[in-house]
Amino acid sequence: MVAPNVKAETMRLMDRRSALEAEMDAIIAALSAPGGAGITGSLVDAEGFPRADIDIPAVLAQRRKLGELRNDHKDVTNKIEKNLEVLHSTKLTRNEQSIPRSSGISAPLHGGLSQNDPMEEDLVTRLPFAMIDDIADGSPAALDGLLLGDEIVKFGSVEAGGRLQERLVSEALSSEDNQVSLLIIRQGSPMNLTITPRKWHGRGLMGCHFQIL
């Protein structure tokens, strides 16, 4: 049985990550406001002098804080993934132990979290592993309904775990001209979408970029 404190800790970590994301979004919005310095924009004018139209110390403080928040976000996400591995492993062990040795039925090699424990299932479905941070106009991603800021929980068979970039590329290539189901979080709400990776006039098969969280 999974110790209750593992689940409770994971839920707290997810709440913490949500709070970090909200704080990062607020800083990004402030830096990206009209006339702002942007996240990485220059703080000097064309002649090399400090820009007079922005509060440079405040901008530097916001950028520094954003970097700290991103590091915290990465640490929290790593802890969540480790806890989920424990939950997955424990669930698989439970499934194996529930099958009598004399039944002749092989234990499943891939134990899901969706059969018995809604709380464990919720932990998985709430865990986005990437965010759309760039979409080209007229691309398959844009035409099929993806938006900037969409958080990816599941892309075809790809969920949170290791080698994400490699797995995402492989999933897109193997699904060329076929619909791929997506589970996303948009503005805090889960949504189901489909996208068809396909050739178009731009780069790649989808025309968007996944920022791994």
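Heavy-atom basis, side chains included; hydrogens, waters and symmetry copies ignored.
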Taking atom [atom1] of [X] and atom [atom2] of [Y], what is their separation to the nearest 0.5 Å?
X: Glu23; Y: His73; atom1: CD; atom2: NE2; value: 12.0 Å
X: Leu69; Y: Arg64; atom1: CG; atom2: CZ; value: 12.0 Å
X: Asn192; Y: Ser181; atom1: CG; atom2: OG; value: 7.5 Å
X: Ile152; Y: Leu146; atom1: CD1; atom2: CG; value: 5.5 Å

Indicate yes or no for a side-chain donor-acceptor contact from [X] to the backbone of [Y] under 3.5 Å, with no hydrogens or angles considered.
X: Arg70; Y: Met24; value: no
X: Ser170; Y: Glu166; value: no
X: Ser174; Y: Glu171; value: yes
X: Asp150; Y: Leu147; value: yes

Electrostatic pair [X]-[Y], nearest N-O below 4.0 angstrom:
X: Asp72; Y: Lys65; result: no
X: Arg51; Y: Asp45; result: no
X: Glu151; Y: Arg186; result: no

Would [X] end up clustered with [Y] when hydrophobic side chains under 4.5 Å apart are linked, directly or stepwise?
X: Val153; Y: Ile195; result: no
X: Met14; Y: Ile184; result: no
X: Ile135; Y: Trp200; result: no
X: Met206; Y: Leu148; result: yes
X: Leu193; Y: Ile185; result: no

Within the structure provided, determine whether [X] and [Y] are in side-chain contact (heavy-atom separation under 4.5 Å).
X: Pro140; Y: Thr196; answer: no
X: Leu168; Y: Phe155; answer: yes
X: Arg198; Y: Leu205; answer: no

Using every non-hydrogen atom in the two residues, find where [X] and [Y] come nearest and quote the distance to one decimal.
X: Gln165; Y: Ile212; result: NE2-CG1, 3.6 Å
X: Arg63; Y: Ala37; result: NH2-O, 3.3 Å
X: Ser139; Y: Gly207; result: OG-O, 3.5 Å
X: Gly35; Y: Ile54; result: O-CG2, 3.7 Å

Taking the six-membered ring for Trp, are Phe210 and Phe129 closer than 6.0 Å centroid to centroid?
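No, they do not, as the ring centres are separated by 6.0 Å or more.
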Determine whether Lys79 and Glu9 satisfy the following criterion, salt bridge (Lys or Arg N to Asp or Glu O under 4.0 Å), listing intermediate values before the conclusion.
CA-CA 10 Å; Lys79 291 177 182 177; Glu9 180 190 36; over 6 Å; no
